[in-house]
Amino acid sequence: MELKLNPHLTPFNLEHTLQCGQVFRWKRYNDWNYGIVERHVFKVKQTKNTLEFRGVNLDFIMRYFRLDDNLPKIMAEVNRDSLIGQAIRTFSGLRIVRQSPWECLISFICATCKNIPSIKNVIHGLSNQFGEKISFDNREFHTFPTPSALAELSSQVLRDCKLGFRANFIRETAEIVDCGKMDFEALRDADYQTAKEELLQLPGVGNKVADCVLLFSLEKLEAFPVDIWMKRVFRNHYKKCFDMPFAKRLSGEQSLSSRDYDKISSFARRYFGKFAGYAQEYLYYYERAKTV
DNA sequence: CTCCAGGAAAGTC
DNA sequence: GACTTTCATGGA
């Protein structure tokens, strides 16, 4: 199957979308990108304005890659200054992906204090060991482990998966979700603040992890995750938006306190508007691209 | 060897 | 309530 994209109405860049750091489990063989979402294994490739795909139907592709988002309108709305403008031009067509909440939640709990190659390793490790094997294109893929599959593992087994101090967070969060005490559908319908407060109850979930889950899997496009890279962006470009004491804190090496986090994140929501999460993803990838 | 990574929670004042 | 320390480990 293939989809013709009008670059003016529906801009899309598969490469930027998969490489910007929001997803961890895609693989590339030859010129195809292979993804697995829930139990759907599929492959995608893009040449100019044509998106070619196998394994899933058009509705799935539209939904997963958020091709229903009016990207030109969103970009116009968040384009508030020359920095974000440059990031938008550089990574034109980058879209937020609609991930499954459970996998997104565990992925970003694992992501605390890890670099991206390391995150990919542990997520693949968990899937290969405790997920279900599915064949596609003569290759083997694995579903992401279910909540019950992770809940029944000992913390020692999880530590052997290179999870370190995150092992207990993963096990405890898996137990809570497995018991049905976390209703992702309800969170999707709830407003941003309400949904965030629910997620913050989970072990291993703080401000940043909660915002990533809200943005990437629960339709909260105003969520603005702030990590070490975004702190650098604000230190280098947005100091003047804050009072002097806070501008000085941004220059320091301390990790962000929850108050610092709220200050940056809520400013960004006012400054960039209801699609602040899109602005975050462009700025994040732009900042990272400078160093690699 | 040292430094850093898409932080969160426990501890301290 | 705000700030500091601790928590493991692979990769550069």
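Basis for what follows: all heavy atoms, side chains included, without hydrogens, waters or symmetry-related copies. Protein chains get the first letters and strands the later ones, always in sequence-line order, with residue 1 at the start of each. As the structure is a computational prediction, the values presented were derived from the model and not from experiment.
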So, using side chain to side chain contact (heavy atoms under 4.5 Å, CB included) as the criterion, who are the partners of A:Pro147 when residues are at least two apart? A:Trp102, A:Val177, A:Asp178
Report which part of the nucleic acid A:Tyr285 touches: base, sugar-phosphate, or nothing (heavy-atom distance under 4.0 Å, all strands). nothing
If you take any heavy atom closer than 4.0 Å to DNA chain B, which residues from residues 14-26 of chain A end up in contact? A:Gly21, A:Gln22
With sequence neighbours left out, the residues meeting salt bridge (charged side-chain N to carboxylate O under 4.0 Å, His left out) with A:Asp262 are none
Gap in Å between the two P atoms, one belonging to B:dG6 and one to C:dT4, rounded: 24 Å
Counting only non-hydrogen atoms, which of residues 153-174 of chain A are less than 4.0 Å from DNA chain B? A:Phe165, A:Phe169
Donor-acceptor pair, A:Gln46 side chain versus A:Glu15 backbone, under 3.5 Å? no
Which residues in residues 194-202 of chain A have at least one heavy atom lying under 4.0 Å from any atom of DNA chain B? A:Leu202
Could you list all N or O pairs between the protein and nucleotides 10-13 of chain B that sit under 3.5 Å apart?
none

Residues passing the ring-ring contact (aromatic ring centres under 6.0 Å, His included) test with A:His142, sequence neighbours excluded, are none
Give A:Val209 one of three labels, base, sugar-phosphate or nothing, depending on what nucleic acid heavy atoms sit under 4.0 Å from its own. sugar-phosphate
In the hydrophobic clustering (ILVMFWY, side-chain contacts below 4.5 Å, transitive), which residues join A:Met244, or is it alone? none
Over how many whole Å does the gap from A:Trp229 atom CH2 to B:dG7 atom P extend? 10 Å
Taking only heavy atoms on the protein side, list every residue of residues 100-125 of chain A lying under 4.0 Å from any atom of DNA chain B, sorted numerically. A:Phe108, A:Ala111, A:Thr112, A:Cys113, A:Lys114, A:Asn115, A:Ile116
Any protein N or O atoms within reach of nucleotides 3-5 of chain C? Criterion: under 3.5 Å, listing atom names and distances.
none

A:Phe242 meets the ring-ring contact (aromatic ring centres under 6.0 Å, His included) criterion, sequence neighbours left out, with A:Phe246, A:Phe267
Hey, can you pull the residues of residues 263-282 of chain A with a non-hydrogen atom under 4.0 angstrom from DNA chain B? A:Gln280, A:Glu281
